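FYI, side chains are in, hydrogens and waters are out, and symmetry mates aren't considered; it's all heavy atoms of this structure. Quick note: residue numbers are just sequence positions, from 1. We count ligands from 1, going down the list as the structure has it; atoms in each ligand are counted the same way. Predicted model only: the values in this text are computed from it and were never measured.
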Amino acid sequence: METQLAVLGGGPGGYAAAFLAADLGMQVVLVDQEARLGGVCLLRGCIPSKALLHVAKGIAEARHLADWGVHFGQPQVDLAAMQARKAKVIDTLTGGLKQLAAKRKVQLVRARATFESSQVLRLHTVDGQSPPDDRLAFQHCILASGSVPTTIPGLTLECPRVMDSTAALELPDVPESLLVVGGGYIGLELGTVYAALGSRVTVVEMTDGLLPGVDRDLVRPLHKKLESQFAAIYLNTKVAALKDLGHSVEAVFDGPVQPKTQRFGRVLVAVGRRPNSSNLALENTRVSVDAKGFVQVDVQRRTADPHILAIGDVAGEPMLAHKATHEGKTAVEALAGHPVEFRPRAIPAVVFTDPEIAWAGLTESQAKQQGRKFETAVFPWGASGRAQAAGRTEGLTKWIFDPQSQRVLGCGIVGAGAGELIAEAVLAIELGCHLRDLAETIHPHPTLSESLGIAAEVPLGMATDIFRPKR
Ligand code: NAD
């Protein structure tokens, strides 16, 4: 087989690249070892986790109504029905992608691929299903092979009770107790799901706070809320050993935790992901890989090999689907000869917990690390009519801006719906808005989106919803 463009990987980076390339007139073959398009994000990541978080949100909101005098009974959970409903979401979306590929005449090949050279992929059989040919020659290849969960060195336990995110999303049961190792995105999102369904969730995090790297003022309200949702949160703690007891797993903790040995119905290990760059025989190409396994790319996502580009998780942090999609489009436009570069001012990140945390652009911690002059403009949601009406006053909205020009450089939001609210901030940062632009933009009342305008008014001495006149 031969093609003009081979795309290796069918996730949000790979399929976006393949589809745009076809729209621009290229002949495209997309190779993935999975039977269905969508990658980790759609098949066992972003989308199934959001389907389950949707359920968790419904349960939490029903409980919350007790504050307003409305009482429901304990939820009756039919796990099989929930799994089937989640599967339907995935089936619909992956089916849609298959149709979109067919309409564009993107040829889909199911195979595990490795590089034989800078212009040839070897196609290997998966699950006994042979590809149409054992080689695919290409003019260019876009590598979009994604990432895989990391494990804790010396702590691999072949036991079905110890799960990674893939197994946890299958929702095999609702264990009476769940130990979550890693207080990052996955641990907290899936911990939220299992806690809502009735598990007693314990989180162990090796650093001194949940979501390391995220500004502490954003994490604080979430931490406080999680303390009421979870059985325990152990910081500065590692799991030293796990022992399979058959009906449960015994964990030994290394940290300021008592008792040091505790038993759990199941364990979820979510300690990060690593780029999928080994097992591709990249040594047969001129592609270079850094010490962490990320493929090194330039602003057009070209690798050191003139025939190969790389996008998404395999090409560097942050390992987020929307970054992959945009990189995919940049790579394809670059191949089409368009003068493009991947230089975003802001890549949004969202942790879909309750409350959600979202940020974009420069964070306060990064600004401090870089020794960069900055100021913050903060609006606490306690002064928001909409937040009061919804009983969600724990949130806050924060701009990070340049004190001299008053241009916005970053934004952080914690609160219900923060993941949707951050989009306005991304646009403002990309367009180089100043505080005044945001303050003069009329936001609808009563909404939480007003918090973005009001926060910008604070340093200008124009915020009338709180008392902080300009000195
Ligand atoms: P993560 O990097 O977000 O969090 C891992 C956490 O585990 C960190 O807090 C780390 O300090 C801790 N840790 C590491 N080793 C440990 C140990 N031995 N004991 C205790 N704690 C330990 O990783 P993740 O949650 O596995 O998610 C992986 C990636 O997937 C994320 O970086 C993100 O890019 C992506 N993701 C994104 C979303 C989203 O956008 N909402 C959701 C899920 C995953």
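For the residue pair Thr397 / Trp381, a side-chain donor-acceptor distance below 3.5 Å is found, with atom types taken as modelled. Residues Asp215 and Ser365 have side chains that bring a donor and an acceptor to within less than 3.5 angstrom of each other.
Ion pairing between Arg372 and Asp402 fails under the 4.0 Å rule for side-chain N and carboxylate O. Salt bridge annotation for Asp23-Arg104: present, with a cationic side-chain nitrogen under 4.0 angstrom from a carboxylate oxygen. Note on Glu327 versus Arg301: salt bridge recorded, some NZ/NE/NH1/NH2 to OD/OE distance being below 4.0 Å. Glu34 and Arg44 are joined by a salt bridge, as a carboxylate oxygen and a charged side-chain nitrogen come within less than 4.0 angstrom of each other.
In terms of protein heavy-atom proximity, atom 9 (O) of ligand 1 is nearest to Glu205 OE1, 2.5 Å. For atom 28 (C) of ligand 1, the closest non-hydrogen atom of the protein is Arg273 CG, 3.3 Å. From the protein, the heavy atom lying nearest to atom 19 (N) of ligand 1 is Val181 CG1, 3.8 Å. In this structure, the protein non-hydrogen atom closest to atom 34 (O) of ligand 1 is Met319 O, 2.7 Å. Here the protein heavy atom with the shortest distance to atom 21 (N) of ligand 1 is Met206 N, 3.2 Å.
Looking only at distances, a side-chain donor or acceptor of Thr303 sits under 3.5 Å from a matching main-chain atom of Ile308. Side-chain atoms of Glu375 do not come within 3.5 Å of backbone N or O of Ile400 as any donor-acceptor pair.
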Hey, can you pull the donor-acceptor pairs under 3.5 Å for the side chains in residues 186-196, sequence neighbours left out?
residue	atom	partner	partner atom	Å
Glu189	OE1	Lys50	NZ	2.8
Glu189	OE2	Phe352	N	2.8
Thr192	OG1	Leu188	O	2.6
Tyr194	OH	Ala168	O	2.7

Which pairs would a plain distance check flag for residues 77-96, meaning a side-chain donor or acceptor within less than 3.5 Å of a matching protein atom at least two apart in sequence or in another chain?
residue	atom	partner	partner atom	Å
Asp78	OD1	Ala80	N	3.2
Asp78	OD1	Ala81	N	3.1
Gln83	NE2	Glu170	O	3.1
Gln83	NE2	Leu171	O	2.6
Lys86	NZ	Leu169	O	2.9
Asp91	OD1	Arg36	NH1	2.6
Thr92	OG1	Lys88	O	2.7
Thr94	OG1	Leu37	N	3.3
Thr94	OG1	Leu37	O	2.6

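Of all atoms in ligand 1, numbered sequentially from 1 with element shown, those under 4.0 Å from a heavy atom of Gly184 are 3 (O), 4 (O), 6 (C), 9 (O), 25 (O). If you number the atoms of ligand 1 from 1 as listed, the ones under 4.0 Å from a heavy atom of Thr207 come out as 11 (O). Proximity to Phe352 (heavy-atom distance under 4.0 Å) selects the following atoms of ligand 1: 41 (N). Listed by number with element, the atoms of ligand 1 under 4.0 angstrom from any heavy atom of Leu320 are 34 (O), 37 (C), 40 (O).
If you look at Val204 next to ligand 1, the close heavy atoms, those under 4.0 Å, all belong to the backbone. Here Glu189 has side-chain heavy atoms under 4.0 Å from ligand 1, and that is the only part of it that gets that close. The proximity of Val350 to ligand 1, defined as any non-hydrogen pair under 4.0 Å, is limited to the backbone. Residue contacts with ligand 1 for Val271 involve both N, CA, C or O and side-chain atoms from C-beta outward (heavy atoms, distance under 4.0 Å).
Here's the thing with Ile152: none of its N/O atoms is less than 3.5 angstrom from an N/O atom of ligand 1. The shortest N or O to N or O distance between Ile186 and ligand 1 is under 3.5 Å. Inclusion of Tyr185 in the set of residues having an N or O under 3.5 Å from an N or O of ligand 1 is warranted. Residue contacts with ligand 1: Gly272 is placed with a nitrogen or oxygen under 3.5 Å of a nitrogen or oxygen of the ligand (distance criterion only).
Here CZ of Arg266 is found 12.0 Å from OG of Ser248. Values are rounded to the nearest 0.5 Å.
Within the structure, ligand 1 lacks Pro318 among the residues with a heavy atom less than 4.0 angstrom away.
Between Tyr234 and Phe253, the two ring planes are perpendicular [angle over 60°; tilted spans 30° to 60°].
One option in Gly419, Gly182, Gly187 has a heavy atom closer to atom 7 (O) of ligand 1 than any other, and that option is Gly182.
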